[in-house]
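Scope of the values below: all heavy atoms of this structure, side chains included, with no hydrogens, waters or symmetry mates. We count residues from 1, following the sequence as given. Every number for a ligand or one of its atoms is a count from 1 in the order of the listing. Quantities reported herein were computed from a predicted structural model and do not represent experimental measurements.
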Amino acid sequence: MNLIIRQEQIEDYELTEKVVKRAFANAEHSDQQEHLLVARMRKTSGFIPKLSLVPIDKEKNEILGHILLSKIKINKDDNEFVESLALAPVSVLPEYQNKGIGGLLITEALKEAKKSGYDSVVVLGHPEYYPKFGFKKASLWGIKAPFEVPDEAFMAIELSDNALHNASGVVEYPSEFFE
Ligand SMILES: CC(C)(COP(=O)(O)OP(=O)(O)OC[C@H]1O[C@@H](n2cnc3c(N)ncnc32)[C@H](O)[C@@H]1OP(=O)(O)O)[C@@H](O)C(=O)NCCC(=O)NCCS
C-alpha cells in the first residue's frame with residue numbers, strides 16, 4: 001500500500017466523518033458519536049487545521065482514518081493555566097486496523113504538534129496502546145480529568161523537556177466536547 005498522511009482538507013470533511021463513524025461502529029467504550037464530535041470540534045476556536053490528519057491510500061485515493069489534536073487548557077491549582085492539546089479521536093477503518101496506520105497517525109500528529117510549537121498532549125484512551133508512543137499516566141504530573149475516569153486511561157506526553165513539570169491541575173475541554 002502506498003500510504004501518505006496529509007492535512008485534512010475541507011473537501012474531505014464529509015468522507016472523513018463517514019470513516020470515523022465506521023471505525024468506531026464496533027469499538028468498546030464508544031458512544032458511536034465520534035464523527036459528530038469531529039464535526040463540532042472543527043467549528044471551535046480550538047481547532048487547528050494542521051493537526052487534523054488523514055492517511056490516504058494513494059493508489060485508491062481513499063481516506064483510511066483520521067486523527068485530531070485540538071487546543072485545551074490545564075487549569076492549574078494556582079489559578080494559572082497551561083495550554084495543551086487533546087488527542088481525540090483517532091480512528092482507522094476496521095479493514096485497515098492492526099497494520100500500523102494508527103501508530104503512524106499518532107507519531108505524525110505528535111511531530112506536527114511539536115513543529116507547530118505545542119509542547120504537550122493529553123489523551124483519554126486505551127492504557128495498553130498509547131504508552132507505545134511515550135504517553136504516561138497524567139496523574140504522574142498531577143493532571144486530572146474533569147470527569148470520572150480510570151487513572152491509567154488518562155494519559156499525557158511531553159513534547160519538550162519538562163513541559164508538564166508544573167502543570168498539576170484539571171483539564172478543561174471545550175464545551176463542544178460534551179454535547
Ligand atoms: C485504536 C486504533 C486507532 C488503532 O489503529 P491501528 O491502525 O489498528 O493500530 P496499529 O496497527 O498502529 O497498532 C496496532 C496495535 O494496537 C492495538 N490496539 C488496537 N485497538 C486497540 C484497543 N481497542 N485497545 C488496546 N489496544 C488496541 C493492537 O492490539 C495492536 O497491538 P500490538 O502492536 O501490540 O499488536 C484503531 O484500532 C481504531 O480505529 N479503533 C476503533 C476506534 C478507537 O477505538 N479509537 C481509539 C479511541 S482512544
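Q9 contributes a side-chain N or O that, together with a main-chain N or O of Q7, makes up a donor-acceptor pair within less than 3.5 Å. For K137 (side chain) and D151 (main-chain N/O), no donor-acceptor pair under 3.5 Å exists by modelled atom type.
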Exercise for the section: Please step through side-chain contact (heavy atoms from CB on, under 4.5 Å) for the pair V19 and H66, ending with a clear verdict. Expected result: CA-CA 8 Å; V19 167; H66 174 247; 5.5 Å; no
Handout entry: Intermediate values then yes/no, ring pair (Phe, Tyr, Trp, His ring centres under 6.0 Å), F147 and Y173
Key = CA-CA 11 Å; F147 37 74; Y173 291 95; 5.8 Å; yes
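The nearest protein atom to atom 7 (O) of ligand 1, hydrogens excluded, is given as G102 N, 2.7 Å; this is a heavy-atom distance. Among all protein heavy atoms, the one lying closest to atom 46 (C) of ligand 1 is V90 O, 3.6 Å. The closest protein non-hydrogen atom to atom 12 (O) of ligand 1 is G103 N, 2.8 Å. Of the protein's heavy atoms, K132 NZ, 3.1 Å lies nearest to atom 33 (O) of ligand 1. Closest to atom 18 (N) of ligand 1 among all protein heavy atoms lies Y129 CD1, 4.2 Å. For atom 42 (C) of ligand 1, the closest non-hydrogen atom on the protein side is F24 CE2, 3.4 Å. Protein heavy atom nearest atom 19 (C) of ligand 1, with residue, atom name and distance: N98 OD1, 4.2 Å. If you check which protein heavy atom lies closest to atom 39 (O) of ligand 1, you get V92 N, 2.8 Å.
At under 3.5 Å, a nitrogen or oxygen of K99, whether backbone or side chain, sits near a nitrogen or oxygen of ligand 1.
Using bins of under 30°, 30° to 60° and over 60° for the plane-to-plane angle, the ring pair H29/H126 lands in the tilted bin.
Atoms of ligand 1 lying under 4.0 Å from any heavy atom of G125, numbered from 1 in the order shown and given with element: 48 (S). Set against the non-hydrogen atoms of E128, the atoms of ligand 1 under 4.0 Å away are 24 (N), 25 (C).
Between the side chains of T16 and E8, at least one donor N or O sits under 3.5 Å from an acceptor N or O.
With a heavy-atom cut-off of 4.0 Å, Q97 touches ligand 1 through backbone and side chain alike. Only the side chain of Y130 comes within 4.0 Å of ligand 1, counting heavy atoms alone; its backbone N, CA, C and O stay farther away.
Heavy-atom contacts from other residues, nucleotides or ligands closer than 6.0 Å to NZ of K144 number more than 12.
With a 4.5 Å cut-off on side-chain heavy atoms, E172 and P146 do not count as touching.
For atom 11 (O) of ligand 1, the nearest non-hydrogen atom from the set G65, A23, S30, G100 comes from G100. Of the candidates H126, E34, E28, H66, it is H126 that places a heavy atom closest to atom 21 (C) of ligand 1.
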